[in-house]
Every structure is written in structure tokens, then in C-alpha cells.
Amino acid sequence: MTRKELFKNTLRKSVHAWKLINELPLSDDESLMLRHFMDQPGFLDLHWRMFVPAIKGQGTEEQKQKWLPLANKMQIIGCYAQTELGHGSNVQGLETTATFDPQTDQFILHSPTQTSSKWWPGGLGKVSTHAVIYARLITDGKDHGVHGFIVQLRNMDDHSPLPGITIGDIGVKFGNGAYNSMDNGFLMFDKFCIPRDQMLMRLSKVTREGKYVPSDVPRQLMYGTMVSVRQTIVSNASIAMARAVCIATRYSAVRRQFGSQNGGIETQVIDYKTQQNRLFPLLASAYAFRFVGEWLKWLYTDVTQRLEASDFATLPEAHACTAGLKSMTTSATSDGIEECRKLCGGHGYLWCSGLPELFAVYVPACTYEGDNVVLQLQVARFLMKTVSQLGSGKAPAGTTAYMGRAKHLLQCRSSIRKAEDWLNPAMVLETFEARALRMAVSCANNLSKFENQEQGFSELLADLVEAAIAHCQLIVVSKFIVKLEGEIKGKGVKNQLKNLCYIYALHLIHKHLGDFLSTNSITSEQASLANHQLRSLYTQVRPNAVALVDAFDYTDHYLGSVLGRYDGNVYPKLFEEALKDPLNDTVVPDGYHEYIRPLIKQHLRSARL
Ligand SMILES: CCCCCCCCCC/C=C\CCCCCCC/C=C/C(=O)SCCNC(=O)CCNC(=O)[C@H](O)C(C)(C)COP(=O)(O)OP(=O)(O)OC[C@H]1O[C@@H](n2cnc3c(N)ncnc32)[C@H](O)[C@@H]1OP(=O)(O)O
Ligand SMILES: Cc1cc2nc3c(=O)[nH]c(=O)nc-3n(C[C@H](O)[C@H](O)[C@H](O)COP(=O)(O)OP(=O)(O)OC[C@H]3O[C@@H](n4cnc5c(N)ncnc54)[C@H](O)[C@@H]3O)c2cc1C
């Protein structure tokens with residue numbers, strides 16, 4: 001499809017989905033499932049996942065009563081317009097202004113520079129009638145920082161932009177199809193007025209007289225919508241990883257290369273240890289991200305209930321966990337999808353493998369809802385704070401509880417003696433805890449050598465990100481182990497999950513061996529025992545690998561991959577797909593008479609001469 005056709009088709013699908021949700025009707029969970037199978041980014045994502053939650057989280061009761069019924073019936077369509085041309089990560093650096101005018105009781109929204117143009121919001125370019133806009137609030141000449149506002153963008157009769165608003169699509173993005181179904185947009189305000197009651201005032205307020213009343217709760221609650229989406233992105237990472245792994249695993253069982261003596265049957269590529277060493281950790285990651293996603297959903301629900309009761313104690317941890325896990329799982333999944341493409345050899349590069357589009361549509365997850373490095377630095381700040389409070393009497397809790405055992409973890413030596421010890425959950429956990437704590441403490445020690453903490457932080461950014469990743473990996477490993485300790489129906493299933501859990505942990509040790517050795521969390525002998533155990537786990541997973549991806553229960557239609565077909569009938573179907581290509585509509589291609597024939601004839605003529 002052309003961009004215009006793709007966009008229009010996405011409108012058609014979205015509206016059809018909305019109709020089904022209402023007619024059947026579907027519950028919230030079923031609607032989410034429908035979105036999942038629609039399988040295309042579109043304006044509904046931003047309306048339901050960001051616009052509505054922003055009003056719910058930051059609006060007053062009156063604002064919710066006014067706007068939510070309209071939004072819930074989709075009589076207005078909204079998006080989340082925060083990022084600008086000049087600033088995305090640095091939210092405090094946004095430039096759009098919202099100046100209160102006491103004469104008219106309105107805010108005047110203005111884009112003072114080109115870099116202040118809103119740039120990127122999904123659904124903004126062509127669809128949304130409304131947006132939650134983030135802008136600097138100015139009253140009586142004083143800048144109070146960034147706040148949210150509900151703004152109507154387009155005329156409800158003919159969809160034209162309201163006077164004072166310039167709006168459009170930012171253009172084609174990475175890949176063919178992929179995220180181009182979405183109208184990511186730009187927006188400029190030219191002294192555009194909105195009534196005062198359209199500032200989202202649950203946190204801070206502006207009175208009729210123009211007095212600014214600051215929030216009596218943490219101002220970071222304004223970032224709550226991002227926290228909520230980051231949490232869902234972790235579960236989505238598992239879905240995307242599982243999809244790529246399903247394709248690569250099934251195809252690896254079908255594909256044969258080498259290994260036959262005198263014309264016998266060749267080896268299935270899945271039997272090569274190199275293939276297993278690249279594929280099985282990704283299979284394990286798909287499961288691991290699912291379990292940590294379930295746990296994160298619980299954590300998010302818990303913090304939401306606490307916030308409603310004005311208990312803000314766990315907010316920093318919820319922020320660190322959602323930010324860090326969003327970052328870690330999306331980076332691993334993007335890399336994993338690309339690895340799956342390579343695991344499928346040349347055919348993985350074909351569009352009909354399903355992997356190129358999956359990669360193209362998935363990879364912006366490393367950037368949206370917070371650049372992955374910027375988010376790990378938030379985790380690092382949280383860790384540095386926690387380390388600095390050790391010994392102050394305030395015991396670290398939740399995912400940093402292990403830091404409370406700093407004395408032991410800083411000096412303990414791993415008691416792994418034989419390869420099977422690497423299947424001991426306590427020993428594995430302690431190894432990850434020691435590595436994470438030692439990396440964090442080492443950063444904190446290095447930071448303390450700087451007179452200026454912020455300067456030190458800047459200097460040590462790369463180390464801090466590594467410490468943050470180590471902490472996040474510990475969370476994933478620990479939640480996998482907790483899952484195994486819970487009730488799992490069927491001994492066979494439990495055994496398979498156990499194998500995957502230890503593959504996940506041991507492959508991380510192998511991949512980050514430098515960290516584990518340099519922090520003395522393990523010795524090189526213990527590292528080689530881990531490798532030995534990993535190879536043995538691969539052998540145990542091998543006979544069940546295809547069943548473990550069949551368990552994701554993806555239909556062929558959803559996978560959209562010739563290589564990942566359930567029936568393994570890959571080669572005839574590759575031919576079928578090739579023959580569908582428009583280039584094969586004619587035997588002699590368009591352009592032959594114009595370019596190829598004259599070229600060949602010229603050679604023939606010169607040959608005769
Ligand atoms: C084959 C075809 C397949 C098709 C498949 C289709 C499938 C598609 C898959 C996708 C499906 C669904 C996806 C879901 C839908 C996703 C839609 C995505 C749309 C994207 C939207 C966006 O991107 S919106 C914009 C997001 N922007 C950001 O994330 C900006 C990042 N920056 C920030 O968050 C902040 O500025 C930053 C945290 C970096 C710093 O903030 P700042 O105010 O400067 O604060 P600091 O001074 O650093 O910190 C102050 C203290 O506040 C703490 N803190 C910061 N943030 C929070 C928070 N959120 N909550 C709580 N506390 C917070 C911070 O830690 C500091 O604390 P301290 O104690 O003072 O140290
Ligand atoms: C597909 C897609 C959809 C989007 N949808 C929306 C939407 O609906 N609404 C919306 O408001 N926004 C949206 N965005 C914008 C998105 O949220 C931002 O692009 C994202 O937050 C990153 O910000 P940035 O572009 O400013 O990156 P930058 O911050 O400019 O990042 C550039 C580089 O600088 C590095 N960097 C930046 N700051 C630091 C630092 N402090 N320390 C170290 N390194 C740093 C980053 O790691 C990165 O390598 C979308 C983006 C994409 C790609």
C-alpha cells in the first residue's frame with residue numbers, strides 16, 4: 001500500500017474494531033486482545049493509552065466528568081502531545097508556553113520558536129480532534145514549569161485546524177508499512193486561547209485571579225501516564241520477542257545444512273550448538289519478559305492504589321522499575337528480532353519471513369516513552385540514592401531489598417563448585433545480587449571522588465548505565481525464579497520453565513562475563529562451569545523447543561511468516577509468495593525495451609564489428 005492507502009486502511013480497521021468493541025460488547029481485556037490482533041499502530045493507541053489516562057490521572061473531578069464521557073464514547077479523539085522538535089527526553093526543557101491572561105480568564109498557547117513545535121505525537125498529524133498538550137505555565141510573568149492542558153485542535157464539523165493552529169504529519173518513518181500506519185504529527189500554536197478550566201488541575205492550579213497554587217503532592221505525578229505505558233511496553237516486549245523466536249525456532253527445525261555423509265539427510269540447523277546458543281536465550285527471554293511483565297503490572301496496580309490513598313512512598317521504586325525494565329526489555333527485544341532474522345539465514349531477509357516488518361515496527365520502542373539510555377540513568381540515580389542511604393537506618397525495600405545485605409554481598413564468594421550448582425536458585429540469585437550491588441557501590445565510590453556530584457554523574461554515565469542494567473537483569477532473573485516457586489500446573493511444564501529460567505540467567509553471565517569477573521562475583525572456573533551447564537540445558541530444551549514456541553499459540557495469520565508456518569511447509573510457500581510479486585506479473589519486465597534491450601543490442605553490434 002502507498003502511505004495514504006495504509007493510513008486510510010488503518011482508519012478503517014480502527015473504526016471497525018471500535019464498532020466490534022461496542023456491538024459485541026468486549027470487556028477491557030478483550031478489547032486489548034483485539035488491539036493486539038489488529039497488529040498495527042494507530043490513533044486508538046494514543047487515545048486510549050495516553051489521552052484518556054492523562055485526563056484520568058491529572059484532571060480534577062469536574063474535568064473528568066466533562067471530558068471522559070466524550071472520550072470514552074470517542075466523540076472526541078485525543079493524543080498526547082509532549083515532545084517537541086527541540087526536546088523530547090528533557091521534558092523540563094519544553095518551550096511551548098501557556099500564559100495566563102487574567103483579563104479573559106484564558107491561557108494563551110504559543111510556540112515561540114521553531115524548536116518549540118510539537119513533533120512526533122501519534123494521532124496528532126491527521127486524526128485527533130483534541131490533545132493533552134504539555135507547555136510551560138506562565139502567570140504574571142513567572143514560569144512555573146511544564147503542565148498539561150486539554151486543547152481542541154480541529155473543527156468538529158469539517159475537521160479543519162482551528163484558527164491559530166498549524167498542524168500536519170511529520171513524514172515517512174523507518175521501514176515499509178510498519179509504523180507508517182500512524183500519523184505522527186507536528187503542531188504550532190499562534191497565540192491560541194483556551195479557557196482556564198482546560199489546564200489539568202488535579203495537581204497544581206491557577207485561580208481566577210491568576211494565582212498559581214502549587215501541587216501538595218509530588219509533581220512527578222504529572223509523568224504518571226508515561227509510567228503506565230512503560231509498564232505495558234514490558235509485556236509487549238515479550239509478545240514481540242515470542243513472535244520472532246517462534247518464527248526462528250520453527251524455521252531452524254525445518255532448515256537443513258551440511259552434516260550428511262554420502263548424500264544422506266542433512267542436519268537440522270537447530271541442532272547446531274551455535275544456533276542453540278543464539279536462539280534458546282531469546283526463547284528464554286520471551287518467557288522471562290512475560291513473567292516480569294506480569295509482576296510489573298502487579299507493582300503498578302499496587303502503587304496506583306497507594307497513590308490514591310496519598311501514600312507516595314513506593315513511587316520512586318515504581319518509576320525506576322518501569323523505566324529500567326522498559327529500557328532493558330525493549331533493547332533486548334529489538335536486538336533479539338534482528339538476531340532471529342540472521343538465524344533464518346538469507347530467507348530471513350525476505351519480507352515474507354515476517355521479520356523485517358516486525359523489526360521496523362518494534363524498534364522505535366527503544367526510543368518512545370523515553371530513550372532507553374535516558375531511562376537507565378533514572379534507574380542509576382535511584383540506585384545511587386539507595387546506596388548513599390545504606391547504613392542510615394532506612395532499610396532498602398522492594399527490588400533494592402538485597403542492598404540491605406550489602407555487608408554480606410560485598411565480601412561473599414560464590415560457593416559454586418560443580419556445573420549442577422548453577423541450577424540452585426539461591427546461588428544464582430546471590431551471584432546476580434553481588435554483581436549488581438558491587439557495580440552500584442563502585443559507581444557510588446567513584447562518584448564520591450568528585451566535589452561536584454552532578455559533574456561526577458556526567459563523567460560516569462556509561463558505568464552508571466551498566467550498573468542500572470545489572471540491577472534490571474537481577475529483577476528479571478529473580479521474578480522468573482519466584483514464578484517457578486509458585487504453582488505451575490504439570491511437572492513437565494515446570495521442568496521446561498526451569499530449564500529456560502537457568503538458560504536466561506546463565507546466558508547473561510556469559511554475555512556480561514566482564515562484569516561478573518571484575519566484581520569478583522564469580523571466578524573464571526565458575527564461569528566455565530556455567531557454560532558447561534548452559535550447554536547441557538540447551539540439549540534438554542532442544543527436543544521441546546518447537547513445543548515451547550507453539551505454546552505461544554500464535555496463528556499463522558498473526559505470525560505473517562512463511563518461515564514460521566505451523567506446518568513447516570516452507571519451500572513451496574516461498575515459491576508461492578515469490579510468484580505473487582508484481583515483478584512476476586509479466587515474464588519480460590517493464591523497462592526491458594527502454595533499457596535492457598538497447599544495452600544488449602549495442603553489445604551485439606560491437607561484437608559483430
Ligand atoms: C508485523 C507487524 C507487527 C505490528 C505490531 C504492532 C505492535 C506495536 C507494538 C506496540 C504496542 C503497543 C505500544 C503501546 C503504545 C505505545 C504508544 C507509544 C507512543 C509514544 C508516546 C511517547 O513517546 S510520549 C513522550 C514520552 N517522553 C518521554 O518518555 C520523555 C522522557 N523523559 C522523562 O521522562 C523525564 O524528563 C526524565 C525522567 C528523563 C527526567 O525528568 P526531570 O523532570 O528532568 O526530572 P529529574 O530532575 O531528572 O528528576 C526529578 C525527580 O523526579 C523523578 N522522576 C522522574 N520521572 C518520574 C516519574 N515518571 N515518576 C516518578 N518520579 C519521576 C526522578 O527520579 C527524580 O527523582 P529524585 O528523587 O529527585 O532523584
Ligand atoms: C514512533 C514514535 C512515536 C512517538 N510518539 C510520541 C507521542 O505520541 N507523543 C509524544 O509526546 N512523543 C512521542 N514520541 C517522541 C519520543 O517520546 C521521543 O523521541 C523520546 O522521548 C526521545 O526523545 P528525543 O527524541 O528528544 O531524543 P534525544 O533526547 O534527543 O536523544 C538523542 C540521543 O541523545 C542521548 N541523550 C539524551 N539525553 C541524554 C542524557 N541526559 N544523558 C545521556 N544521553 C542522552 C540519547 O540516549 C540518544 O542517544 C514518539 C517517538 C517515536 C519514535
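Both ligands and their constituent atoms are indexed starting at 1 by order of listing. Owing to the predicted nature of the structure, the values given are computational and were not obtained by experimental measurement.
For the pair Ser89 and ligand 1, a heavy-atom separation below 4.0 Å is found. No heavy atom of Pro316 sits closer than 4.0 Å to any atom of ligand 1.
The protein non-hydrogen atom at the shortest distance from atom 7 (C) of ligand 1 is Arg35 NH2, 4.1 Å. Summary of contacts: the protein heavy atom closest to atom 12 (C) of ligand 1 is Asn236 ND2, 3.3 Å.
Between Lys573 and Asp567 there is no salt bridge, since no side-chain N of the basic residue sits under 4.0 Å from a carboxylate O of the acidic one.
Contacts with ligand 2 closer than 4.0 Å are made by side-chain heavy atoms of Leu46 only, the backbone lying farther away. With a heavy-atom cut-off of 4.0 Å, Val91 touches ligand 1 through backbone and side chain alike.
Atoms of ligand 2 found under 4.0 Å from any heavy atom of Tyr80, numbered from 1 in the order shown, are 7 (C), 8 (O), 9 (N), 10 (C), 11 (O).
Ranked by closest heavy atom to atom 27 (O) of ligand 2, the top entry among Ser89, Cys79, Ala462 is Ser89.
In this structure His144 satisfies the ring pair (Phe, Tyr, Trp, His ring centres under 6.0 Å) test together with Tyr212, sequence neighbours excluded.
Counting protein heavy atoms under 4.0 angstrom from atom 67 (O) of ligand 1 gives zero.
For the salt bridge (charged side-chain N to carboxylate O under 4.0 Å, His left out) condition, the pairs that include at least one residue of residues 303-328, sequence neighbours left out, are Asp302-Arg306, Arg306-Asp311.
Taking the six-membered ring where the residue is Trp, Phe186 and Trp119 present parallel rings, their angle staying beneath 30° rather than reaching 60°.
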